[in-house]
Amino acid sequence: VWLLGARGSVATTTVAGHAAVVAGFAPTTGLVTALPPFDGAPLPALGGLVFGGSDVTDVSLPKRAEGLCEAGVLPAALPDLVAAALEEADGEIRPGIPEQSGEPPLEAIRRLQADLTGFVRRRALDGLVVINCATTEPALSPGPEHEQLATLEAVLARGSAVLPPSSLAAYAALDLGFPFVDFTPSTGAHLPALAQLADRAGVPYAGRDGKTGETLVKSALAAMFADRNLAVHSWSGINLLGGGDGAALAEPARAASKLRTKAQVLEGILGTPVEHHVEIHNVADLGEWKTAWDRVSFGGFLGVRMRLEFTWEGADSALAAPLVLDLARLAWAARQAGESGPLAPLGFFFKDPLGGGGYRLDEQWERLVRWVGELPSG
Ligand SMILES: NC(=O)c1ccc[n+]([C@@H]2O[C@H](COP(=O)([O-])OP(=O)(O)OC[C@H]3O[C@@H](n4cnc5c(N)ncnc54)[C@H](O)[C@@H]3O)[C@@H](O)[C@H]2O)c1
């Protein structure tokens, strides 16, 4: 598994958590693929996964793991118990493609491809899944900008100053035949030209933006209102978070990416316009924790007005990391099954499911389980 943003909170929790589960130090809580419907599915064994990746920081994985202990995300004893795994993965981390670096896109792509193939060769791997867990990039403006990037040639003609690193990485992976998964709201493979590349190369990809907190709850609760024919009048949510993600989302252009993926779920489920507010605030004091407050105003029989409020307190990386492991296993299984293009059955994991399939958590779950059940074995 090649993690972009390999030294971030999500990636560090993924590597440390994987080692802990495989060694039997921790249960599989939070891992969807550990549930009974996935028993017997042709997924790679958890113990068979090894990790490498790229990042733009030099802070080592063991150091990041210490920081996550101090933040209360990882148990204090864990970094020592999984020290060998953290060191091993850290030794496989290479310099990422920085934003606005000015490196010609083809050179950046070839450099990453050399890192990917070097990892596969060195570790004698059967294959690779590339998963983007890097800092959220500023949103590309929709419409004309996307249109200009409608062909592979146009993508390559653009300087990396305007083409985001996530898309260069998606290109690098798909071009080599490796599935690409976007756990972030960044552009990644979400460009017509990259969809074309995936089709041409016959490679699957999935995304985008892991659904781990407020939007996860929304995608379950909105379905409840819809099924009971209750009229949702407004839904307002405030998200407070710290950590690297909080700091990045304090920049309006990056927050715009996140707000965009968060925005579609409600109307997608309810089918009617809803007054909808989502705010994101960086509260450094919260560290790796996130609070979401939501207030739903709804109407029932005879127009009677009612209200639901909830508070979600999450350790974001602990929610995200097991899903990264699930996605690595599922994307690899899809590749083995010969699937290509956007993996709609993995929509269960994402705020903005590429490939469609709707936003309702219950339907996404059923689709995922059905799809896994139909994967050809061996
Ligand atoms: N934690 C969750 O529940 C959750 C849910 C959905 C999406 N996400 C997304 O996952 C991503 C990671 O979150 P996090 O909490 O680990 O953030 P983080 O700030 O802790 O980690 C991000 C990492 O990406 C690295 N990075 C920045 N630019 C890079 C580049 N161009 N190439 C390679 N690496 C680069 C940073 O140096 C850092 O190590 C964010 O985009 C976040 O929005 C997280």
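All of these numbers come straight from a predicted model, not from anything done at the bench. Order of listing sets the numbers, starting from 1, for every ligand and every atom in it. Index from 1, following the sequence.
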Tell me, which protein residue and heavy-atom name are nearest [atom], and how many Å apart are they?
| atom | result |
| --- | --- |
| atom 29 (C) of ligand 1 | V56 CG2, 3.7 Å |
| atom 17 (O) of ligand 1 | D245 N, 4.0 Å |
| atom 4 (C) of ligand 1 | F183 CE2, 3.9 Å |
| atom 11 (C) of ligand 1 | A134 O, 3.4 Å |
| atom 31 (N) of ligand 1 | I97 O, 2.7 Å |

Can you check whether [X] has an N/O within less than 3.5 Å of an N/O in ligand 1?
| X | result |
| --- | --- |
| T136 | yes |
| P165 | no |
| T184 | no |
| G8 | yes |
| T135 | yes |

> Between CG of L323 and CG of L346, what distance do you get to the nearest 0.5 Å?
Replying inline: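 Those atoms lie 11.5 Å apart.
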Assess, by modelled atom type and distance only, whether the side chains of [X] and [Y] contain a donor and an acceptor separated by less than 3.5 Å.
| X | Y | value |
| --- | --- | --- |
| D55 | T57 | no |
| Q113 | D175 | yes |
| E275 | H277 | yes |

Contacting atoms of ligand 1, where contact means under 4.0 angstrom from a heavy atom of [X]:
| X | value |
| --- | --- |
| R7 | 39 (O) |
| T57 | 37 (O), 39 (O) |
| C133 | 11 (C), 12 (C), 22 (C) |
| D209 | 6 (C), 7 (C) |
| G244 | 19 (O) |
| A320 | 1 (N), 2 (C), 3 (O) |
| K351 | 6 (C) |
| S9 | 15 (O), 16 (O), 18 (P), 20 (O), 21 (O) |

> Does ligand 1 have a heavy atom under 4.0 Å from the side chain of T212, from its backbone, from both, or from neither?
Replying inline: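 Side chain only; the backbone of T212 stays clear of ligand 1.
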>> One residue to check: S54. Relative to ligand 1, which of side chain, backbone, both or neither has a non-hydrogen atom less than 4.0 Å away?
In response: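 Near ligand 1, S54 shows its backbone, while the atoms from C-beta on stay back.
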>> Tell me whether the rings of F183 and F350 are parallel (<30°), tilted (30 to 60°) or perpendicular (>60°).
In response: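 Geometry flag for F350 against F183: perpendicular rings.
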>> Can you tell me which residue among L116, V203, V129 is in a side chain to side chain contact (heavy atoms under 4.5 Å, CB included) with F178?
In response: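 Among L116, V203, V129, the one that satisfies the side chain to side chain contact (heavy atoms under 4.5 Å, CB included) with F178 is L116.
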>> The test is ring-ring contact (aromatic ring centres under 6.0 Å, His included); show your working for H233 and F298 and say whether it passes.
In response: CA-CA 5 Å; H233 298 306; F298 64 98; 8.4 Å; no
If you measure from the Lys or Arg side-chain nitrogens to the Asp or Glu carboxylate oxygens, is any gap between [X] and [Y] under 4.0 Å?
| X | Y | result |
| --- | --- | --- |
| E214 | K290 | no |
| E66 | K63 | yes |
| R360 | D227 | yes |

>> For atom 14 (P) of ligand 1, tell me which residue out of V10, L241, T215 has the closest non-hydrogen atom.
In response: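 Selected option, by shortest heavy-atom distance: V10.
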> Which is closest to atom 6 (C) of ligand 1 by heavy-atom distance: G242, G210, G243?
Replying inline: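 It is G210 that holds the nearest heavy atom.
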> Non-hydrogen atoms of D55 versus ligand 1: any pair closer than 4.0 Å?
Replying inline: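 So D55 counts as touching ligand 1.
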>> With salt bridge (charged side-chain N to carboxylate O under 4.0 Å, His left out) as the rule and sequence neighbours excluded, what pairs involving residues 3-25 come up?
In response: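 Sorted result for residues 3-25: R7-D90.
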> Donor-acceptor pair, R208 side chain versus P185 backbone, under 3.5 Å?
Replying inline: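 Pair found, side chain donor or acceptor close to backbone of P185.
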> Within the side chain of K351, is there an N or O that forms a donor-acceptor pair under 3.5 Å with the backbone of T215?
Replying inline: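 Such a contact is absent between K351 side chain and T215 backbone.
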> Considering residues at least two apart in sequence or located in another chain, which fulfil the salt bridge (Lys or Arg N to Asp or Glu O under 4.0 Å) criterion with E309?
Replying inline: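 Expected list: R307.
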